[in-house]
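Letters go in sequence order (proteins before strands), and every chain restarts at 1.
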Amino acid sequence: MYVLYTAYLFDVLVDFPVTQAKEVLVRTTVDISGARDVVTKGKAPHKVTMSSWDAFCTFCGVVVSVSLTLYLVPLLLLSVVPQFRSQDLRAKYGDWAVVTGGTSGIGLSIARKLAAQGVNVCVVALEDKLFAPSIAALKSGYPSVEIRAVPVNLAKDPAAYTKAIRDATDEFVSMLLPIWVRFRCASPTC
Amino acid sequence: VLHRRADCLPNLLWYCLSSFSRSVPVSIVVNNAGFLRMGYFDELDVEGHIGNIECNALAAIRITHLFYERMVNEKRRGCIAFTSSAAWFIPAPYAVMYAASKALLSNFATSLAIEARNHNVDVTVVHPSYTHTGLYENQPKLDVLKVLSRFGWTPDDVADVLIAAVGRTVVRDTGVYSVATNLLGRAVDASSLASVIMPFRHSMGPPPKTH
């Protein structure tokens, strides 16, 4: 397809002016006149016929151009435009995150950056030699957020790790403690 | 005193019933856990291969389901991000399960992204190039990786890219290798790519096992 794209560029840059200059190039043409109107200086637009080869190259060129543009332009914008190069996930989504593999490499970096934004992080990771120091570093580095650690092996026993993650992201909110306090201290008999 | 107790009993009962277990409102899920096993397909045990898919892809799907369901039920705006890899853009000999698992993950993510729009959940998948992490520890040092490591990214840079991409794009390729192989993969079909890589298989591969 890139070869065809080159052919298209060649066609546009070289072949087309030639066609234009010679005005009439009698080929076995598919006349889709009107498809390409060429405005020349001070004259009314005149129609240029398009050969089937031209049409084919144009088609390929359009396909490749659209494909490349749709892929590269967002990529370029995301990597160049300053306001697209970072964002506050806490403000956008909320203050609790789960990061798997969060004790080393990319995961640890993500956990750190989320914690730095004020997001509480539940780190799910294999309990290897990096686990304890990474969790300790996260806890001491970002004391204002809550770091929860879930040491599990994601390659084994799905039921066990699902339960562990579920448990770590649940909290038991009890109303018994306040009422106990109320009975003990608010009652005139105590 | 008795009168007071009786008065308080419904109150107490109400408080007992209203004790409940609730989940913390997780709105950001980053499925990043994964590992790489390199080597000849036959020389590594099959359960290890399946375990690789389990960890890299199926665990991410389970965890996504758990939290996506909560987001939907609790009507919470959220995001689910995946650390996939550029490894699957072109055939990846000697890391067959890694590439397969990442392909699964990326495909899953891009499809889910459309569904998740119904519930205001953003799904993003990032395809990093070579990154200087523990991924390649205890793995054969292939020449291909030595070359790629020269253009390697730091984990911090990839993390920045992931955080910036969330909710803005569905797929984000990072690094030269990722972009180049993506373009190559869409220009040349898989069969031709495999045929082109095939003659180089010996020079690319890990040292063969000495029998």
Side-chain angles (χ1 to χ4, degrees), chain A residues 1-2 67-68 71-72 74-75 78-79 84-87 89-90 92-102 104-114 117 119-122 124-126 130 148 153-156 158 161-162 165-166 169-176 178-179 183 187 189, chain B residues 1 4 8 11-12 15-16 18-35 51-52 54-55 58-60 62-63 66-67 76-79 81 83 122 128 131 133-135 154-156 158-169 172-173 179 182-183 186-187:
Chain A
M1 199 157 246
Y2 293 109
S67 164
L68 283 178
Y71 177 58
L72 292 175
L75 205 60
L78 282 170
S79 33
F84 289 160
R85 298 193 64 182
S86 65
Q87 65 182 329
L89 293 191
R90 187 194 153 99
K92 194 170 178 182
Y93 298 106
D95 60 356
W96 266 101
V98 171
V99 179
T100 70
S104 72
I106 299 170
L108 179 60
S109 289
I110 292 168
R112 272 207 304 264
K113 283 168 197 296
L114 288 173
Q117 292 187 352
V119 177
N120 305 302
V121 185
C122 176
V124 180
L126 188 66
L130 292 167
R148 291 186 186 178
N153 183 354
L154 295 176
K156 285 182 185 129
Y161 71 68
T162 306
I165 295 167
R166 208 182 273 273
T169 52
D170 277 350
E171 53 192 5
F172 187 68
V173 182
S174 174
M175 294 299 182
L176 285 173
I179 199 149
F183 264 85
S187 160
T189 51
Chain B
V1 172
R4 278 182 65 86
C8 286
N11 209 353
L12 180 68
Y15 274 115
C16 284
S18 64
S19 309
F20 60 99
S21 169
R22 68 178 182 119
S23 49
V24 295
V26 174
S27 50
I28 302 165
V29 178
V30 182
N31 289 293
N32 164 79
F35 66 93
N52 202 349
E54 266 291 341
C55 178
L58 302 187
R62 286 197 184 89
I63 291 166
L66 176 65
F67 291 107
R76 187 170 49 245
R77 173 159 168 69
C79 68
T83 314
D122 295 326
T131 310
T133 65
L135 190 73
T154 65
D156 272 347
V158 178
D160 281 335
V161 165
L162 186 140
I163 287 171
V166 166
R168 291 184 171 147
T169 178
R172 175 73 162 95
D173 295 347
V179 174
N182 188 323
L183 289 173
R186 64 174 78 193

| field | Choice from L89(A), D95(A), N120(A) maximising heavy atom contacts with chain B below 4.5 Å | value | L89(A)
| message | Can you tell me which of K92(A), R90(A), K156(A) forms the most heavy-atom pairs within a distance under 4.5 Å of chain B? | response | K92(A)
Answer with side chain, backbone, both or neither: which region of [X] has an atom nearer than 4.5 Å to a non-hydrogen atom of chain A?
X       : result
V161(B) : neither
I163(B) : both
A165(B) : backbone

Taking atom [atom1] of [X] and atom [atom2] of [Y], what is their separation to the nearest 0.5 Å?
X       : Y       : atom1 : atom2 : value
N32(B)  : S104(A) : CG    : OG    : 8.0 Å
T133(B) : L108(A) : OG1   : CG    : 11.5 Å
L68(A)  : L183(B) : CG    : CG    : 6.0 Å
T162(A) : I63(B)  : OG1   : CD1   : 7.0 Å
I106(A) : T131(B) : CD1   : OG1   : 4.0 Å
C55(B)  : Y161(A) : SG    : OH    : 8.0 Å

Is there a side-chain contact between [X] and [Y] in this structure, where contact means two heavy atoms from C-beta onward sitting under 4.5 Å apart?
X       : Y       : result
Y93(A)  : V166(B) : yes
L75(A)  : R172(B) : yes
R148(A) : V24(B)  : yes
L154(A) : R62(B)  : no

| query | Please walk me through it: do V158(B) and I110(A) pass side-chain contact (heavy atoms from CB on, under 4.5 Å)? | reply | CA-CA 9 Å; V158(B) 178; I110(A) 292 168; over 6 Å; no
| Given T169(A) and F67(B), is the side-chain contact (heavy atoms from CB on, under 4.5 Å) satisfied, shown in steps? | CA-CA 10 Å; T169(A) 52; F67(B) 291 107; 3.8 Å; yes
| request: List the steps, then state whether side-chain contact (heavy atoms from CB on, under 4.5 Å) holds for V99(A) with I28(B). | output: CA-CA 8 Å; V99(A) 179; I28(B) 302 165; over 6 Å; no
Segment of [X] engaging chain B (4.5 angstrom heavy-atom cut-off):
X       : value
V121(A) : neither
R166(A) : both
S86(A)  : backbone

| field | chain A contacts, top residue of C79(B), G34(B), G134(B), G51(B) (heavy-atom pairs, under 4.5 Å) | value | C79(B)
| message | Between V29(B), N52(B), N182(B), T169(B), who has the most heavy-atom pairs with chain A when the cutoff is under 4.5 Å? | response | N182(B)
| field | Listed partners of D122(B) passing salt bridge (charged side-chain N to carboxylate O under 4.0 Å, His left out), at least two apart | value | R77(B), R117(B)
Compare every heavy atom of [Y] with every heavy atom of [X], then report the nearest pair and how far apart it is.
X       : Y       : result
P158(A) : E54(B)  : CG-OE1, 4.0 Å
G101(A) : A33(B)  : N-CB, 3.6 Å
R85(A)  : R168(B) : N-NH1, 4.3 Å

